[in-house]
Amino acid sequence: MNVPSDLRSSVMVVEDDYDIREAISEVLEDSGYRALCAANGRDAIELLHSGVLPGLVLLDLMMPVMDGRELFLSMLRDEKLREIPVVVLSAQPSRDQTIDGLAPKAWLKKPVHLDTLLSTVRRFCLSPSHHAVAVTPA
Amino acid sequence: MTSAMSTPLPVAEATFAVLREVKDYAIYLIDPKGIVLTWNEGAQLIKGYSAEEIIGQSFSRFFTREDRAAGRPQMLLDRAAQMGRVQDETWRLRKDGSAFWADVVITAIHNPDGSLKGYVKLTRDLTERRHLDELLRQSEERLRLLIENVKDYAIYMLDLHGRVTTWSSGAEKVLGYKADEVLGQHVSMFFPREPGFHQHAERELQIASDTGRFEEAAWRVRKGGDRFWAEVVVTAIHDPDTGRLRGFSKVTRDLTLPMEMEARARNATEQAEQERERAEVAQAALNARDEFISVAAHELRTPLTALVIKMQGTAQALRGNESDPATQRFAGRVDSALKQIDRLNELVERLLDVSRIVRGRLQLMLRETDFGELAQRVIDDFAETAKAADCTVTLTAEGPLLGLWDNTRLEQVVVNLLSNAIKYGSGKPIEVRLHTQDGDVVLTVEDHGIGVAHEDLERIFTRFERAVPVRHYGGLGLGLYISRSIVEAHGGSLRVESKPNQGSRFIAELPRRPRELRA
């Protein structure tokens, strides 16, 4: 396992809008997750390349500098990042919910209901309780 | 005596001698009964008989059989006896039976006592001239027909004094007068009754007679006093032999009609151009509005997304602590705030729908959907609202109602129609019906409320339009516009039947799958 154990229950929030980014971080942390914030695709890829590997990437699509699509595709090209589940959180609807035919784990539409957001995160990310359980024996 | 007797004789003889040799005229004497007494060379040349052959014969043999049968020879003699002289121009016969056109003058001669002595008959062969006359007549006839068939030009003749001498159907059409109304009238009658109009007409003729031709574009007046803008050409007509001025030909064309048509065409073009500009301005305004709505909706959604998450996070954080009265109070406020956020979110979503529809970006997520279930779900969701408005909603669903539709979008349509029915038909029952027709599924939502005026039936489907004042009924005026767009995106149609104060019936016809997915 290359992913450091304390990051497996962390969620990388890639979102250019500060308020949304902050609100999502708040509710995630309220639920026991660690939120890692990036304001655009380039910030995110730099973090990822620096070895910060989250349990899930929550990805906005429309962003300046490097958009969500570009980040998603470059993650898929990187074998270290390929396995990290990606959930799209976008205002844009998508007919087939894919980016260039490549499907993220889930496609959430803004404005997302909190319950939907949390249940989706729970589905793909190691739960904080599991993490706690996993950590405690160690 | 001899000399006295002989003096007149040579003159008479000389005269006879001359007459005998005249070649261009047949000159001969006949007695009162028409018997030929003398003959000259001209007579022989013209009629073909020698003196021996004809002297002593009746002159009636020169007449055609018809004229003889009609008693014309004697009639002419009688008339000449009566009048002293008779002239006739007609066909006569030569010895060989051929006819010639003869100009005949018969003059009666009397004895000194006044009794009839006989007649001098003078005949000229006009056949050649008649032929020329005929050619001329035919030519004139052709010209007349030509002029007669020109309908758009008034072509007529004037005499030296400017009086109308000929008239044509074109003249009748352009100037409005019949021939008998204008023949002999002065040409100034076609001029506007302005000071000096008569002089103006005279000047026109003067210039034509001086220079041969006069042209102008000016106002003229037709029968009834109507003015028209005319193109006038006056040409002086001279006698070809003498060169003397005989009169004028006048050609008048009504330019009003072509001018009016040109003006009308120009106006139409200008109007179309103005119309196009107005439409462009209106379209630009519409585009600006739609653009603004799109930008505003997208801008609103970002803080709204943050607000929803924060408020829901807050609501969640308060959960599990319900026993605390203070927390309970806050939880109630947060729930109420979340309801307002939902409404706000709904409004923003509708604005975004408009933006998508306008840009042609309304995307459908098609899936197998049971319309009956969908309708029932919406009606159930509206139970509380319907009850509050004192409406009973009944659903009648017949037939297989499965289809390939975007269920979220269709739900939106049913929600819109049902909420309209409750809004405008409160206190009255509402019927929702589903049935199949020619393979399509037909949704009918009928209320018994205020209805829609006939003139508003189409307008209510336009965005930001409503048939009722805003202050009485809220909303953006987008519901029906979006609903129709959704139904049409599915390949269906949405229409309304309504009578004011009797209610409205909205009918959506939906193919079971979008058209492009068929086959």
Looking at [X], I'd like to know if its [atom1] atom is crowded, meaning that more than 12 non-hydrogen atoms belonging to other residues, nucleotides or ligands lie closer than 6.0 Å.
| X | atom1 | value |
| --- | --- | --- |
| B/R289 | CZ | yes |
| A/F124 | CZ | yes |
| B/E384 | CD | no |
| A/E79 | CD | no |
| B/R343 | CZ | no |

Next on the checklist: Let's go through A/L118 and B/Q316 carefully: what are the C-alpha distance in whole Å and the side-chain angles of both, what is the deciding distance for side-chain contact (heavy atoms from CB on, under 4.5 Å) to 0.1 Å, and is it a yes or a no?
Outcome noted: CA-CA 11 Å; A/L118 290 178; B/Q316 197 184 48; 3.5 Å; yes

Next on the checklist: In the structure I gave you, are the side-chain heavy atoms of A/D115 and B/Q312 within less than 4.5 Å of one another anywhere?
Outcome noted: no

Item to check | Side-chain heavy atoms of A/H113 within contact of B/V308, under 4.5 Å | outcome: no

Nearest-0.5 Å distance that lies between atom [atom1] in [X] and atom [atom2] in [Y]:
| X | Y | atom1 | atom2 | answer |
| --- | --- | --- | --- | --- |
| B/E349 | A/K109 | CD | NZ | 4.0 Å |
| B/T305 | A/D19 | OG1 | CG | 10.5 Å |
| B/I309 | A/L89 | CD1 | CG | 6.5 Å |
| A/D16 | B/T302 | CG | OG1 | 8.0 Å |

Item to check | Closest approach of A/A23 to B/A306 (non-hydrogen atoms, all atoms of both residues) | outcome: CB-O, 3.6 Å

Checklist entry - Pick from A/V27, A/L117, A/D30: which one has the most heavy-atom pairs with chain B under 4.5 Å? => result A/V27

